[in-house]
Amino acid sequence: MADYLPHTDAEVEAMLEFLGLSGLDELFEVVPAALRLAGGLDLDEGLTEPDVAAEFESFAARNRPVGRDLVCFAGAGAYDHEVPAVVRALATRSEFVTAYTPYQAEVAQGVLQAIFEFQTMVARLAGLPVANASLYDGASSLVEAINLCVGATGRQRVLLSAGVHPHWRAVAQTLASGTGHELEVVPLIDGATQWLRAPRGEPVGVVVVAQPNWLGCLEDLAAARAHADTLGALLVVAADPIAGGVLRAPGELGADVVVGEGQSLGTKLSFGGPYLGLFACSRDQVRRLPGRLVGETVDVAGTRAYVTTLRAREQDIRREKATSNVCTNQTLMAVTAAIQLSWLGPNGLAEVATRCAQGAHYLAEQLAALHSIAPVTSAPYLREFAVETTAPAETVLARLADEGFLGGVAASALAPGDDGSLAPGASGHTIVVAVTERRTRAEIDAFATAFGKAAR
Amino acid sequence: MADYLPHTDAEVEAMLEFLGLSGLDELFEVVPAALRLAGGLDLDEGLTEPDVAAEFESFAARNRPVGRDLVCFAGAGAYDHEVPAVVRALATRSEFVTAYTPYQAEVAQGVLQAIFEFQTMVARLAGLPVANASLYDGASSLVEAINLCVGATGRQRVLLSAGVHPHWRAVAQTLASGTGHELEVVPLIDGATQWLRAPRGEPVGVVVVAQPNWLGCLEDLAAARAHADTLGALLVVAADPIAGGVLRAPGELGADVVVGEGQSLGTKLSFGGPYLGLFACSRDQVRRLPGRLVGETVDVAGTRAYVTTLRAREQDIRREKATSNVCTNQTLMAVTAAIQLSWLGPNGLAEVATRCAQGAHYLAEQLAALHSIAPVTSAPYLREFAVETTAPAETVLARLADEGFLGGVAASALAPGDDGSLAPGASGHTIVVAVTERRTRAEIDAFATAFGKAAR
Amino acid sequence: MSAAPGGRASSAPLLGRDAEPTVFELSVTGRSAAQLRTTGVPATPLERLLDASYLRREPVALPEVSERDLVGHFTRLSHRQFSVDLGMYPLGSCTMKYNPKAFDEIAAMPGIADVHPATPAPLTQGWLAMLCELERELCAVTGMHAATLQPAAGAAGELTGLLLMRAFHAANGETRTKVLIPDSAHGTNPASVTLGGYEVVTIPSDARGLVDVDALRAALDRDVAGIMLTNPNTLGLFEEEIDRIAAAVHEVGGLLYYDGANLNAILGIVRPGDMGFDIVHLNLHKTFATPHGGGGPGAGPVAVSERLAEFLPGPAPCRTADNRFEWRMPPRSIGRVHSWHGNALVLARAHAYLRVHGRDGLERVAERAVLNANWLRVRLHDSYPAAFDRPCMHEVVLTAAELKRTTGVRALDVAKRLLEEGFHAPTVYFPLVVDEALMVEPTETESPQTLAALADALERIARGAREDPDAAHEAPRSTPVRRLDEARAARRLVATEDDRDPVDRG
Amino acid sequence: MSAAPGGRASSAPLLGRDAEPTVFELSVTGRSAAQLRTTGVPATPLERLLDASYLRREPVALPEVSERDLVGHFTRLSHRQFSVDLGMYPLGSCTMKYNPKAFDEIAAMPGIADVHPATPAPLTQGWLAMLCELERELCAVTGMHAATLQPAAGAAGELTGLLLMRAFHAANGETRTKVLIPDSAHGTNPASVTLGGYEVVTIPSDARGLVDVDALRAALDRDVAGIMLTNPNTLGLFEEEIDRIAAAVHEVGGLLYYDGANLNAILGIVRPGDMGFDIVHLNLHKTFATPHGGGGPGAGPVAVSERLAEFLPGPAPCRTADNRFEWRMPPRSIGRVHSWHGNALVLARAHAYLRVHGRDGLERVAERAVLNANWLRVRLHDSYPAAFDRPCMHEVVLTAAELKRTTGVRALDVAKRLLEEGFHAPTVYFPLVVDEALMVEPTETESPQTLAALADALERIARGAREDPDAAHEAPRSTPVRRLDEARAARRLVATEDDRDPVDRG
Ligand SMILES: Cc1ncc(COP(=O)(O)O)c(C=O)c1O
Ligand SMILES: Cc1ncc(COP(=O)(O)O)c(C=O)c1O
């Protein structure tokens, strides 16, 4: 009998006696007898911690992680960036890990100030004045951005570039079944979103574009802004925070809302979660902001202090009229990101982005030189690009795994073949390949060689 | 250029200017030019943390650790006991890890109270009233115990059971070259120390016995006490703290000083260090106690508080007349042990010891049943025992490693063949095998099978 | 906008007692902590790889600090933060139980944590197997048929559940418009209903603190898509008439949604499925002890009865005939609700928790949680009566209304005084239906001694309120900061370093 | 003697501010935290395996706590503890620099940390290779020929060095009896000399704070086995006449021992070997940033010149001709000085530190350490003059003698006031030769901003001493506890829970 319950039998007895009860069962007398579970839950008996750890060792043995097992060339929304020990050591301090949402600010200045710092960093990255305390992931930030813009414009029609991550688009589509927003995907041609001059029909409230897009291509944000202006719509940019270390800030190029996936900022690949939804917007929209916002103030003694603010937007106060239903968010990842970005600093972040670009271009050169394989688009790219393979993408990846590489992401695994982002029919043979600053020249050389063989 | 230095170049310049210096070199003008190192140290240029981590990954790859690589049946002074995540999480809190010796008690109550608790636990384990805040390892505790007893009795002659760990005896011998103590080894016969009625020569000041001894055999402490009494000597017992969970406390059986190796109490195998020297003694000897001692007191407001006490014994006050030269000790391991023992509790510690005994006896049964291999002595044992092999011990261990077992410790690797603990000539073919509570029946069964094959 | 030249000192006063500068204030131009791997990749200038029009002119104005100052700063911030590991956190509705450290290590195993989410399924069989086991366990605990693990928190689970409701009715050719919610419900419920495209209809509580069944009946018609309930409800009371409620809702073709925030109370005692619920979300970060992280991450899987299973989000992990695992899209799936597969590491921790506890352990959890809450309820009866004077489940909502009337000391003051006493405060002013509510959830991992200490402190506070009410208004005084000017925070919004008045900077 | 029935509450007041009960006081009979692996080994009763005469009747009276209370207790204790990670620790002679977190992870790698020390050498080639590299690095840094890595701390290194001295002289057929030590030496030096079987002869410092070379010469004869020095000495001053000292000692056949506690000042600048030293210990826990652990572990390797190498302790890791590694006993080894191979994980961390810094980085370390100390010396000149008014190395010994004379505020009071200001105190009253000594070692990892803040605080304290000397005597007030009754601790020794007066218990 292993558990975390302190009560000794004698204590349970004493407590029951205090309550005038003769058994634990009586605590549940209010539960109608007919509903009571007979025979207990259909679960095994409890194990001890070391037994359970052994079970997890065997789960782990049936996975192929990056690192000592596979050298990672996969990206497509989740990246193998350096996370130093110092960030892990600080972000796992139990005061951050085992606290709840900072409802009692007097004893939550640690988390509150860290979020304030996080907000500042995200806002500066985005080039916008306000950022919130995080949302679930990139997809949920996108959805909230659309909701915000629809609310602000009163228009439910949304133009979504096919360059936005296919999963994010899928989530937006799912949640639109509740809100009733109309999503229209605008296709890519040669890696760039092809905005139609004047789409027919209802007035458009929101235009969404990704920078870089999910195939790694850099988009022309000025064109997206101009398009949104023509339509009288607000512009949402789904921006990668690492690329943001060297690319112009979307806010400066006219984005009204910037969203992003913050996994790259200190969080492990984690099989996809918990990740970190980034969200920044213009000052005008702050009362529509979803989720928590930390503000600076003073206490009764005049000492600087932090507190969640503009709470009247939130569900616990505003209920059905709230800007969003989010309550629990991804605070620990936000704190982690604040630590990681402080570790990187301005030059470190720029250096990481630059090294990604150098690595990706070096790989492209090698693939071209050794195997005449070129990116499928001529668009400029930073950290990743798509290539076509003769063998089916899944076969290629399986062969590469045998050689010790996570060789990229099959486009078809993420997006249906015809989602507008690729040439028709190409997706079953397309792999998106990413190179981060952690990849050495030797790894890239070995990968380029292996890739040529595997791709045939 | 990767390092941990905050100074920017501009700051260095400003500081030099403030000092009226024109270069960093001038800081070292006091160093005679002839002595100054020309051309820098004969070391490589610095690397970055991830580069160095990669080097350590490759060192690690050239070791065979216990756990996923080798199933551990080795002991002989270092044991593979359960250390739960909770102990690691608490003992690695940076307040404990990055503090210095608690010189300023007002800001060191965390470490001081933890040591006070540790002292209480060690004293209760030993069955003696006082324990110190730790020494380097089992061997250093033994040496300090001998020094204490010599000091107390004024007699430099020491009888050392051959059952005491050979390395500890070796250390005592090395350090005796400074103190001039005369160490005599008393041999084992069939695993038990063979005290001579009345050894000739100088009066004996100290008698030392191990419980269990290094071959795993339980000794008769009452006989050792009686022998010490006959000689008018003090009795030192080198006791294993895990075995202490079920064995009678040496202090209750008359030990004047109890020493031990505390590695089993929450510290990993760590290739031999840092470990933990345990030291407890009777109240009479407290002013001869080596090392730090924490005592309880109150602050000016009457609040209970802890402080290092009886400091007049220590080297920083007493200098050449100090009871010991120890300064830095193994505090972090002592704090770890306090946490581990609190996690175990009275019943947990007894359960661990009992399971060791069950595992060791089960292994012995299997070896006997499958291969007619029996322990080399008929003495009772708890966690380990010695067996003889037909093939040389080193060959047997190499074969077992190929099967995934760390199969024990070759007696000859620790002790010269003729140190009095084994039958003459037996040591090259003797392996000391340990079984802890972490070994499953399946592991023991597989090991017993493999051992029989390997031992031939 | 960038760091103050010169920066501030890193060494701030001791043990969390003094204000800590922001990391930007510690920043000095040119300082840095980052160390990257030496790769040997040719360092082609970026301008040769990308057109300058894409590139920013200045790097992002992030802090520039040494690793030493980084460590000092965030370590000191951690000393200004209460947490479960520091003491009792009786925050009602939040189930702040002890988070076992063993699961931190499990969630950090390289074979678990370092897996890319787009790794092909044949290379992630361990993860898929674990998620399938967890789905089965959640179904066993809730009495449901199938579950999605994608929702990242309770609220995301709610919205997923409402979209399932919508898909179900749509598949039946129905367009229903309303969802019923009791007035004691958590704010996420109505907010989710709106996002689900439904209208909220609020059902009052009766004098017992339970759903007013007559009012419920009156609200029911064929426009009602369903009802969202938690049982025990947010007053900590078991809805005894749940079977009647279920029958009534089902009768008009509505569905019952179970908000799992309070599931801790009934683990192994009664299952939502057996009470008649069709859709259940679980808050793994409450019930199954995954740490809250100062506000997240969580995980809010949704389990459903058989007739709703085909609508679940996907792709979902599935076991194949030959005992392998793959991703499959449920036939009439509403689609994806997460960027990847949900908060996977949180799911892993929950599975570990479930394996350690098992059938026997979970039942003990519920029993001890309910025992602790009732002990506090009875013990505190004279100073803080329960809002509804009947046996409670895992939490109890006390009221300070009488205290306020006689002394002027409000629930908020009691909460702040409790901070001084070393406890986190209960949830206050929720549920909204109780005047001066103090919602206390001790959880099962607190000992009788800790309960007694909490009760002592609360009674001391009540006595103190009579003797010196001002002291309570002044509380807390011993915390890292004192009561905040929240109005100023909203009025003069300073949400980033760049919003600060120039005078307040540096 | 065993736990108080009922125990105390776990939840103690907030953030380290209040006294924490001992873990024994939290104990309740029957409670437990331990969880052991399920093994399937037959659970034969112990009495059947061992004669009852060996067995204790009662289990050891250890605490009985839940895992939750265990975590609460030690987390709260950690909040009552200052550390490098929380702030500046200018403790002279202790080199409390930043301890890089990367090395915590390196020291925890399973292939490093989970290796049994008796694993045969063919299975630990990685460890042996690393230790060989470290030995080479330590020799490069000190200008020595070979080193032992066994000593577990500086004092253990000293004793090892003295035994090497003894073995060396013995091999030359000499029995020398005395070892010279300057009056400013650390207490471990004389204590080690005694344990080495030598008599201590104290050499006075001269007016410059350096060894009085004339006094030294006067003390030298053929009974002198050697001299122990640290350079820079404990006053932070470089012994400029080290070559003359070395020549004089060598002339009488003595050896020079270098106490490496202050090596940080001269890394890459000058090597002990080049100064004429024969034996050097290093404090890896000072110079190479391995964390002090609240008082240990450390590591005190001893490096020696070629003529002493054959006496080094063993077995020592050695590279063989075919580039493998094995353990070898030096030909005339003094023997073992550690249970195994030394504090191996501390050694691993130091190797990592040396690899990250390299030749260039180590020199920067020394430069910045000396720059910081001199900046403080000059900046504080008016309020706390240096005991010896000349350029210092990595640390400076200030004196509060004048402050005491004019205000009654002593070095101790200054130290306690500094605690209130959020800094650890400097080392006080050491070295003994300085009146009211405040020995300040900032280390190189503190920024100019932090130095300025320390200086500001010290000046504030000096000013305050003039205005209100009592306040300084009362300090510290904002720390977890205030000044202690140290006399009572010694008079009524309470060294364990069982020593406490019955009234103080529970
Ligand atoms: C009753 C109730 N329902 C729903 C939620 C929302 O859950 P989450 O915060 O995980 O989104 C909460 C959380 O506090 C709750 O207490
Ligand atoms: C000058 C000096 N020598 C020797 C030592 C002793 O070193 P250790 O504490 O590692 O035994 C110290 C430690 O404070 C010291 O400062």
Side-chain angles (χ1 to χ4, degrees), chain A residues 3 6 24 27 30 40-43 45-46 49 52 56 59-60 62-65 74 90 93-95 97-99 101 106-107 109-111 120 136-137 139 170 174 178 271-274 295-297 299 305 309 315-316 319-320 322 325 328-332 342 345-346 348 350 409 440-441, chain C residues 32-34 39-40 59 63-64 74 77-78 80-85 102 106 111 114-118 123 125-126 140 152-153 155 187 190-192 194 196-197 200 238 291-298 335-336 339-341 343-344 355 358-359 361 367 370 447 479 481-482 489 494 496-497:
Chain A
D3 59 29
L24 285 163
L27 290 169
V30 285
L41 291 168
D42 181 19
L43 294 176
E45 294 290 309
E49 280 182 356
V52 172
F56 273 80
F59 287 131
R62 290 150 70 198
N63 294 326
R64 306 273 321 259
L90 295 172
R93 282 191 61 85
S94 71
E95 296 87 341
V97 173
T98 73
T101 303
E106 295 88 344
V107 295
Q109 289 297 301
V111 165
T120 303
Y136 305 133
D137 58 5
T174 304
F271 203 50
E296 191 178 286
T297 183
D299 73 0
T309 192
Q315 43 71 28
D316 54 336
R319 300 180 76 82
E320 62 265 34
N325 68 337
T328 293
N329 57 23
Q330 308 283 122
T331 298
L332 189 61
S342 302
V409 176
T440 63
R441 180 179 189 148
Chain C
S32 79
T39 62
E64 301 181 73
F74 284 100
L77 283 187
S78 77
R80 294 164 67 74
Q81 178 63 47
F82 194 81
S83 64
V84 170
D85 280 14
I106 280 175
D114 295 337
V115 181
H116 191 288
L123 311 181
Q125 291 289 299
S192 299
T194 302
V200 174
F238 194 84
H292 285 247
R336 233 177 218 293
S339 290
W340 299 98
H341 321 302
N343 279 347
R355 294 296 292 162
R359 55 185 290 144
E367 287 166 356
V370 173
S447 70
T479 44
V481 297
R482 301 188 50 198
V494 178
T496 75
E497 196 84 8

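Here is how names work: the chains are called A, B, and so on, in the same order as the sequence lines, proteins then strands, and each is numbered from 1.
Most heavy-atom pairs under 4.5 Å with chain A, from the set C:Val481, C:Thr194, C:Val370: that is C:Val481. Of the listed residues (A:Thr297, A:Asp42, A:Asn63, A:Thr440), the greatest number of heavy-atom pairs within a distance under 4.5 Å of chain C belongs to A:Asn63. For the set A:Val409, A:Val111, A:Asn329, the entry with the most heavy-atom pairs within less than 4.5 Å of chain C is A:Asn329. Counting heavy-atom pairs closer than 4.5 Å to chain A, the top residue among C:Ser339, C:Gly335, C:Ser32, C:Gly196 is C:Ser339. Of the residues considered (A:Thr98, A:Thr101, A:Leu43), A:Thr98 shows the highest number of contacts with chain C, using heavy-atom pairs under 4.5 Å. Highest contact tally toward chain C, considering only A:Gly110, A:Gly348, A:Ala139, A:Ala305, is held by A:Gly110 [criterion: heavy-atom pairs under 4.5 Å]. Taking A:Phe56, A:Tyr136, A:Phe271 one by one and counting their heavy-atom pairs under 4.5 Å with chain C, the maximum is reached by A:Phe271. Ranked by non-hydrogen atom pairs under 4.5 Å with chain C, the options A:Gly40, A:Gly295, A:Ser94, A:Ala350 are led by A:Ser94. By number of non-hydrogen pairs under 4.5 angstrom with chain A, the leading residue of C:Pro59, C:Ala140, C:Ala155 is C:Ala155.
Heavy-atom distances place the side chain of C:Val200, and not its backbone, under 4.5 Å from chain A. Using a 4.5 Å cut-off between heavy atoms, A:Thr309 contacts chain C through its side chain alone, with no backbone atom that close. Heavy-atom distances place both the backbone and the side chain of A:Arg319 under 4.5 Å from chain C. Only the side chain of A:Ala322 comes within less than 4.5 Å of a heavy atom in chain C; its backbone stays farther off. Of the two parts of A:Val30, the backbone and the side chain both hold a non-hydrogen atom closer than 4.5 Å to a non-hydrogen atom of chain C.
Taking both residues in full, the closest heavy atoms of C:Thr496 and A:Thr120 are given as CA-OG1, 3.2 Å, listed atom of the first, atom of the second, then distance. Shortest non-hydrogen contact noted between A:Ala99 and C:Phe82 is CB-O, 3.4 Å. For the pair C:Pro117 and C:His341, the tightest heavy-atom approach, listed with the atom from each and the gap, is O-NE2, 2.9 Å. For the residue pair C:Ser192 and A:Asn325, the shortest heavy atom distance occurs at OG-ND2, 2.9 Å. Considering all non-hydrogen atoms of both residues, A:Glu95 and C:Ser78 come closest at CG-O, 3.1 Å. Closest approach of A:Leu332 and C:Pro297 over heavy atoms only: CB-CD, 3.9 Å.
Annotation: side chain to side chain contact (heavy atoms under 4.5 Å, CB included) contacts of A:Pro65 (sequence neighbours excluded): A:Asp69, C:Asp114, C:Val115. Here C:Arg336 pairs with nothing under the salt bridge (Lys or Arg N to Asp or Glu O under 4.0 Å) rule; sequence neighbours left out.
From A:Asp137, atom CG reaches atom CD of A:Gln330 across 7.0 Å, with rounding to the nearest 0.5 Å.
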